[in-house]
Chemist: 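Structure in structure tokens, see below.
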There are 2 protein chains.
Amino acid sequence: MTRTSPKLQPYSQECSDCPIRHRAVCARCETDELERLEQIKFYRSFEAGQTVVWAGDKMDFVASVVTGIATLSQTMEDGRRQMVGLLLPSDFAGRPGRETSAYDVTAATDLVMCCFRKKPFEEIMLKTPHIGQRLLEMTLDELDAAREWMLLLGRKTAREKIASLICIIARRDASLQLRASDGQLRFDLPLTREAMSEYLGLTLETVSRQMSILRKEGLIVTEGKRQIIIPDFDRLLEETGDDSDGGFLV
Amino acid sequence: MTRTSPKLQPYSQECSDCPIRHRAVCARCETDELERLEQIKFYRSFEAGQTVVWAGDKMDFVASVVTGIATLSQTMEDGRRQMVGLLLPSDFAGRPGRETSAYDVTAATDLVMCCFRKKPFEEIMLKTPHIGQRLLEMTLDELDAAREWMLLLGRKTAREKIASLICIIARRDASLQLRASDGQLRFDLPLTREAMSEYLGLTLETVSRQMSILRKEGLIVTEGKRQIIIPDFDRLLEETGDDSDGGFLV
DNA sequence: CATACTCGTTGATCTATATCAAGGCAGAAA
DNA sequence: TTTCTGCCTTGATATAGATCAACGAGTATG
């Protein structure tokens with residue numbers, strides 16, 4: 001089973017020996033810091049489709065996704081929308097030092113976030129440099145992801161965009177574990193066609209058509225509307241237009 | 001002259017009371033840190049068009065733009081190119097902790113960079129948290145800029161893209177000072193049509209055509225090929241499709 | 001049980017931008 | 001001066017993807 005190549009390493013890992021199980025704060029943690037963080041943390045749950053915050057609204061916390069998927073989107077005056085961030089479990093949302101949200105934050109699926117009130121979080125950050133270091137690493141990762149995304153938006157064909165998105169989800173999705181015994185990759189596509197179109201800078205009709213084409217060509221198999229099976233990940237990867245080494249896709 | 005609105009505040013400021021005049025390291029600096037930084041810094045110059053590093057090549061320094069403009073680009077196997085970063089004076093390039101460059105770095109104009117060897121820079125960073133904090137702020141700014149750019153790439157028309165680019169350059173360009181006495185904005189467009197097309201995800205022919213249209217409509221005036229005059233910044237801003245408040249354009 | 005709503009698919013047509021092709025201008029080189 | 005070369009402009013045509021429109025399956029609602 002060659003499918004266990006580095007290409008398929010999931011992007012992020014839970015830190016299992018840490019009571020706060022998120023990339024944001026789990027690395028190199030020490031007991032007293034964790035206690036301080038524990039005191040200012042709280043959980044919020046959202047149903048699929050619910051809005052967490054609107055762009056421009058006050059956001060007095062930073063947060064880390066525990067389960068589910070959140071999206072960051074921008075909207076133009078006339079309603080055109082572009083997704084600019086896709087937050088999977090352990091990803092971080094909110095900018096220390098900024099009062100309001102710059103983006104619409106939406107729950108793409110049912111969602112649980114672990115929130116930290118911003119003021120005290122910033123204070124703790126100042127006292128414990130490694131939290132800031134961790135945040136810097138994560139932000140640099142996000143910046144690389146954003147730049148890969150820019151290549152997709154600016155230069156890829158609709159077909160390449162769809163193939164790329166499916167590969168990105170497959171790569172990052174924790175349910176990657178759901179790889180069937182025969183080497184196929186099976187997972188849930190956690191986005192509606194509309195959300196996909198907002199991610200890719202396409203219309204939802206184009207997304208639907210291209211999905212159908214990939215299906216007819218056997219590059220993907222669908223079960224129901226959301227379940228996706230990739231019979232041959234490498235073959236799909238060839239349709240993304242990316243360098244074969246996978247680059248910095250996140 | 002209402003032109004002095006916050007919309008036109010230049011993005012970054014030089015730190016004039018600091019021997020290392022770059023956003024990367026100038027804030028809150030202390031003498032001993034500066035001395036350590038001085039010891040590992042060196043300057044490199046490039047002519048317009050020269051490549052600083054190719055994607056994938058070893059890059060054992062981080063750097064800050066002193067004068068001129070550098071671009072970060074990605075190239076697909078078949079040659080399609082997308083610019084993913086535009087570095088103006090005081091902007092930072094290179095990722096601490098990464099050995100190779102993820103992008104082609106190119107001098108768009110004649111360029112001087114202030115470089116710090118990576119290893120020692122990382123060591124200094126560990127000892128002086130505020131450099132990391134500064135870097136985090138800058139990276140978050142870049143991420144916001146990248147996301148604004150994603151909206152441009154995914155959803156804007158060619159006309160809106162051109163108008164946006166001109167406004168972005170006008171906003172950020174230090175030679176903004178070159179505002180004529182009559183309230184017009186005059187500055188050098190430091191990019192070839194081809195570089196503009198790589199920035200915008202268009203072909204250079206489309207860039208040229210749309211420039212001609214904006215010119216015919218009087219939204220911009222050109223002198224020679226590079227000199228641009230914006231008679232009415234707010235009117236041009238309306239063509240960008242952005243919210244009137246300017247959002248987080250960087 | 002009927003109705004309506006959400007989400008996805010597919011078809012027909014339109015159009016913004018790409019592609020292909022030619023030519024212009026200014027500065028550099030001969 | 002002439003010739004080149006790089007950069008830009010403009011025209012003719014092609015096409016990928018958008019738009020407009022209809023419909024289908026599943027599920028919630030009254």
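Naming: A, B, ... by sequence-line order, numbering from 1 per chain. Since the structure is predicted, the reported quantities are computational estimates derived from the model, not experimental observations.
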Chemist: Using atom CD of B:Gln210 as one end and atom P of D:dT10 as the other, report the distance to the nearest whole Å.
Modeler: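 Rounded to the whole Å, the gap is 12 Å.
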
Chemist: Mind calculating the distance between CG (B:Leu204) and P (C:dC20) to the nearest angstrom?
Modeler: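 Rounded to whole Å, this separation is 13 Å.
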
Chemist: Whole angstroms only, please: what is the NZ-P distance between A:Lys225 and C:dG8?
Modeler: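 After rounding, the gap between these two atoms is 6 Å.
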
Chemist: What's the CD1-P distance between A:Ile162 and D:dA16, to the nearest Å?
Modeler: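 Rounding to the nearest Å, CD1 of A:Ile162 and P of D:dA16 are 16 Å apart.
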
Chemist: Tell me, with the steps shown, if B:Gln74 and B:Asp104 meet side chain to side chain donor-acceptor pair (under 3.5 Å).
Modeler: CA-CA 6 Å; B:Gln74 307 207 62; B:Asp104 295 335; over 6 Å; no

Chemist: Look at the side-chain N and O atoms of B:Ser212 and state whether any lies under 4.0 Å from the OP1 or OP2 oxygen of D:dT9.
Modeler: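 So the side chain of B:Ser212 is outside the cut-off, no N or O lying under 4.0 Å from OP1 or OP2 of D:dT9.
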
Chemist: Is a donor-acceptor contact shorter than 3.5 angstrom present between the side chain of A:Arg209 and the base of C:dG11?
Modeler: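 Answer yes: a donor N or O sits under 3.5 Å from an acceptor.
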
Chemist: Rounded to whole Å, how long is the line connecting atom CZ of A:Arg226 with atom C1' of C:dG8?
Modeler: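 In whole Å, C:dG8 C1' and A:Arg226 CZ are 10 Å from each other.
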
Chemist: Could you say whether B:Ala158 or A:Glu194 is positioned toward the 5' end of DNA chain C, judged by the nucleotide with the nearest heavy atom to each?
Modeler: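 The 5'-side residue here is A:Glu194.
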
Chemist: A:Glu223 has an atom CD; how far is it from atom C1' of C:dG8, in whole Å?
Modeler: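 Rounded to the whole Å, the gap is 17 Å.
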
Chemist: For A:Thr157 and A:Glu205, find the nucleotide of DNA chain D closest to each by heavy atoms; which residue's nucleotide sits nearer the 5' end?
Modeler: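 Its nearest nucleotide being more 5', the pick is A:Thr157.
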
Chemist: Assess the side chains of A:Arg193 and A:Ser208: does a donor N or O sit below 3.5 Å from an acceptor N or O?
Modeler: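 Checked: A:Arg193/A:Ser208 side chains show no N/O donor-acceptor pair below 3.5 Å.
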
Chemist: Can you tell me if A:Thr203 touches the phosphate of D:dT19, counting only side-chain N or O atoms and a distance under 4.0 Å to OP1 or OP2?
Modeler: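 No, because none of the side-chain N or O atoms of A:Thr203 sits under 4.0 Å from OP1 or OP2 of D:dT19.
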
Chemist: Tell me, with the steps shown, if A:Met211 and A:Leu189 meet side-chain contact (heavy atoms from CB on, under 4.5 Å).
Modeler: CA-CA 12 Å; A:Met211 291 283 286; A:Leu189 193 62; 4.2 Å; yes

Chemist: Among A:Leu185, A:Ile229, A:Leu236, find the one that has a side chain to side chain contact (heavy atoms under 4.5 Å, CB included) with A:Ile220.
Modeler: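 Option passing the side chain to side chain contact (heavy atoms under 4.5 Å, CB included) with A:Ile220: A:Leu236.
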
Chemist: Measure the distance from CZ on A:Arg155 to P on D:dA16 and round it to the nearest whole Å.
Modeler: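 Answer to the nearest Å: 17 Å.
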
Chemist: Expressed in angstrom and rounded to an integer, what is the separation of A:Gln82 atom CD from D:dA18 atom P?
Modeler: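 That distance rounds to 12 Å.
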
